[in-house]
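Predicted model, so just to flag it, every value in this text is computed and none were measured.
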Amino acid sequence: NHYGPPQVPSVSQPITAEYPNLTMSVTRDVAVPLRGQTVNYTIQVTNAGPATATYARINSHLNAWLQFQSATAPTITQAGGGGSSSPAGWDDDGANPCCNDANNVACAFGQSNGTLWWDVRDLKAGGIWQTTVTVTFNPPLGAACLPTNILLDVTAGYDCPTNVVGWTFDSLACTDE
């Protein structure tokens, strides 16, 4: 007969955490645009990490010289398929993102000096998210053009969602990465 707590052998085992690793590339179809010229920027985000990015946010800041025209519907290419992405949304003040209708007609068309954003769900290791953003290069008349004036600043990160309208998350959405 045994009385007291069960005897469990002591086992020490290292725990290896795996995380997504989002890398980005941005290319444009015009090396040095002229005032009023249309420029297409292709944004590609790859999950180079060993784990799925259950929820990711991709941001693309348009400076005052880049006037938004359109963004293609994002595509996700990954083994086994799956994953999803919102269409582009627009945020011009850092506090109140608006729209993410298919054409961004409601608030982003013709805007500059703001941020386009996309919410991405389940980008697997090795998966690639891609879209093309079309802008008009619109510097002030007589302004000296610096290489930084034609760059599209893109960031991507993964985390727990706070408010993603219309998406359903399972109980492990923020812990299974």
Side-chain angles (χ1 to χ4, degrees), residues 19-30 33 38-49 51-78 82-139 146-169 173-177:
Y19 299 97
N21 179 9
L22 303 179
T23 61
M24 293 150 293
S25 69
V26 180
T27 58
R28 64 179 179 267
D29 64 349
V30 178
T38 298
V39 183
N40 294 302
Y41 291 86
T42 299
I43 303 169
Q44 189 174 77
V45 176
T46 301
N47 182 358
T52 296
T54 303
Y55 170 79
R57 167 70 55 99
I58 299 167
N59 294 304
S60 176
H61 181 74
L62 274 65
N63 67 45
W65 293 17
L66 302 177
Q67 187 177 37
F68 178 76
Q69 299 302 313
S70 65
T72 61
T75 59
I76 295 177
T77 306
Q78 58 190 1
S84 61
S85 177
S86 69
W90 177 256
D91 185 356
D92 62 359
D93 64 5
N96 299 306
C98 64
C99 329
N100 64 355
D101 60 43
N103 300 313
N104 283 289
V105 173
C107 69
F109 181 79
Q111 296 292 316
S112 58
N113 206 23
T115 301
L116 291 166
W117 55 267
W118 296 265
D119 287 322
V120 180
R121 174 74 196 257
D122 297 327
L123 186 62
K124 298 174 187 174
I128 299 170
W129 176 96
Q130 183 173 306
T131 190
T132 298
V133 174
T134 301
V135 301
T136 301
F137 184 61
N138 197 20
L146 302 173
T148 55
N149 298 129
I150 56 176
L151 295 179
L152 200 60
D153 181 23
V154 177
T155 60
Y158 62 92
D159 202 347
C160 296
T162 53
N163 181 19
V164 183
V165 178
W167 286 16
T168 303
F169 291 89
C174 295
T175 59
D176 63 355
E177 297 183 340

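Looking only at distances, no side-chain donor or acceptor of Asn47 sits under 3.5 Å from a matching main-chain atom of Gly127. Side-chain N or O atoms of His61 include none that pairs as donor or acceptor with a backbone N or O of Val154 at under 3.5 Å. The backbone N or O of Ile128 sits nowhere less than 3.5 Å from a side-chain atom of Thr46 that would complete a donor-acceptor pair.
Rounding to the nearest 0.5 Å places CG of Asn138 at 12.0 Å from CG of Asn149. In this structure, OG on Ser84 lies 7.0 Å from CZ on Arg121, to the nearest 0.5 angstrom. Taking CG of Leu22 as the start and CD1 of Ile58 as the end, the distance is 7.5 Å to the nearest 0.5 Å.
Residues satisfying the side-chain contact (heavy atoms from CB on, under 4.5 Å) criterion with Gln78, sequence neighbours excluded, are Ile76, Leu123, Lys124. Considering only residues two or more places apart in sequence or on other chains, Asp29 meets the side-chain hydrogen bond (donor to acceptor under 3.5 Å, both in side chains) condition with Asn40. When the side-chain contact (heavy atoms from CB on, under 4.5 Å) test is applied to Ala125, no partner is found at least two apart in sequence or on another chain. When the side-chain contact (heavy atoms from CB on, under 4.5 Å) test is applied to Leu62, the partners found at least two apart in sequence or on another chain are Ser60, Leu66, Phe68, Trp90, Leu116, Val135, Leu152. For the side-chain hydrogen bond (donor to acceptor under 3.5 Å, both in side chains) test, residues two or more places apart in sequence or in another chain that qualify with Thr42 are Thr132. Remark: Asn59 pairs with Arg57, Thr115, Trp117, Thr155 by the side-chain contact (heavy atoms from CB on, under 4.5 Å) rule, at least two apart or across chains.
Judged by distance alone, the side chains of Thr131 and Trp118 never bring a donor and an acceptor atom under 3.5 Å apart.
Looking at heavy atoms from C-beta onward, Thr72 lies out of side-chain contact with Gln130 at the 4.5 angstrom threshold. Side-chain contact check for Thr38 versus Gln69: every heavy-atom pair is 4.5 Å or farther apart. Side chains of Val120 and Tyr158 form no contact here, defined as non-hydrogen atoms less than 4.5 Å apart. Side-chain atoms of Leu151 and Tyr41, non-hydrogen and from C-beta on, never get closer than 4.5 Å to each other. Within the 4.5 Å cutoff, the side chain of Tyr55 has heavy atoms near those of the Asp119 side chain.
Counting all heavy atoms, side chain and backbone alike, Pro20 lies closest to Ala53 at CG-CA, 3.6 Å. The minimum heavy-atom distance between Thr23 and Ala48, with the atom names listed, is CG2-CB, 4.3 Å.
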